[in-house]
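In what follows, chains carry the letters A, B, and so on, assigned in the order in which the sequence lines appear, proteins first and then strands, with residues in each chain numbered from 1.
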Amino acid sequence: MDFQFSSNENRPLMKPNRKRLNQDQIRLLETSFNSNRKLQVDCKLELARRLGLLPRQVTIWYQNRRAREKIHTIELDHKTIQLELDSVLAENRRLEQEVCMLKHELNKVQQMLSVANPSITLLPCVNISDRLKLP
DNA sequence: TTGTGTTTTACGACCTC
DNA sequence: GAGGTCGTAAAACACAA
């Protein structure tokens, strides 16, 4: 394996000259990953042998693949929650409109009653709607 | 080209069993 | 202690300007 060195001679970096895995290597790793998210030792050694990689590289690939899957899952969850939130907000708007309309109707009925019988005490509709509010 | 954003490989620190 | 996650560096790559 090729190595490159840091320009800082006090702290030489031993970083391997990285090469991306080819499509065949990725295909085999993906197939293996889909059958088991956790890498067994014997499986790692077999994969490394078949792919011409170091067992350490197979380990790293699995770690990174799990991390990518986790990010993908979180993104999907986020989208799902966002859709649910949008739906709840839409329902909330609809209910608010309904409350407003009912308050209006109640007002009209109270007005009609008070005209028909002035001795009736009007209910403050604002209090009625307040009772509908959740804590 | 080249500047820039994204993806992939690799590793160290820390955690769990 | 082996192997996991998490955060990150940096190489590899894609692509617009």
Measure the shortest side-chain to side-chain distance between A:L113 and A:N117 over non-hydrogen atoms and say whether it is less than 4.5 angstrom. no
Atom CG of A:N22 and atom C1' of C:dA12 are separated, to the nearest Å, by 15 Å
Within the modelled atom types, does a donor on one side and an acceptor on the other bring the side chain of A:R68 and the base of B:dT8 under 3.5 Å apart? no
Using whole Å, report how far CD1 of A:I26 lies from C1' of C:dC13. 12 Å
Applying salt bridge (Lys or Arg N to Asp or Glu O under 4.0 Å), run through A:E46 and A:R49 and close with a yes or a no. CA-CA 5 Å; A:E46 173 65 10; A:R49 188 189 65 76; 3.0 Å; yes
To the nearest angstrom, how far is A:R20 atom CZ from C:dC13 atom C1'? 5 Å
How long is the line joining CD1 of A:I71 and C1' of B:dT7, in whole Å? 11 Å
Over 12 foreign heavy atoms within 6.0 Å of CZ, A:R37: yes
Spacing between A:R56 atom CZ and C:dA2 atom C1', to the nearest angstrom: 12 Å
List, with names and distances, any nitrogen or oxygen atoms from the protein found under 3.5 Å away from nitrogen or oxygen atoms belonging to nucleotides 3-7 of chain C.
| residue | atom | partner | partner atom | Å |
| --- | --- | --- | --- | --- |
| C:dG4 | O5' | A:R66 | NH2 | 3.4 |
| C:dT5 | OP1 | A:R66 | NE | 3.1 |
| C:dT5 | OP2 | A:R66 | NE | 2.6 |
| C:dT5 | OP2 | A:R66 | NH2 | 3.0 |
| C:dC6 | OP1 | A:K70 | NZ | 2.2 |
| C:dC6 | OP2 | A:K70 | NZ | 2.7 |

Contacts of A:D77 that satisfy side-chain hydrogen bond (donor to acceptor under 3.5 Å, both in side chains) - sequence neighbours left out: none
Nucleotide B:dT8, atom P - distance to CD of A:Q23 in whole Å: 10 Å
Sequence-distant partners of A:E75, salt bridge (Lys or Arg N to Asp or Glu O under 4.0 Å), two or more places apart: none
What is the distance, rounded to the nearest whole Å, between atom CH2 of A:W61 and atom P of C:dA12? 20 Å
Rounding to an integer number of Å, can you tell me how far A:L45 CG sits from C:dA2 P? 14 Å
Taking only side-chain N and O atoms of A:R65, does any of them lie within less than 4.0 angstrom of OP1 or OP2 on B:dT8? no
A:R66 and A:E69: salt bridge (Lys or Arg N to Asp or Glu O under 4.0 Å), yes or no, with the steps? CA-CA 5 Å; A:R66 280 192 295 269; A:E69 185 174 62; over 6 Å; no
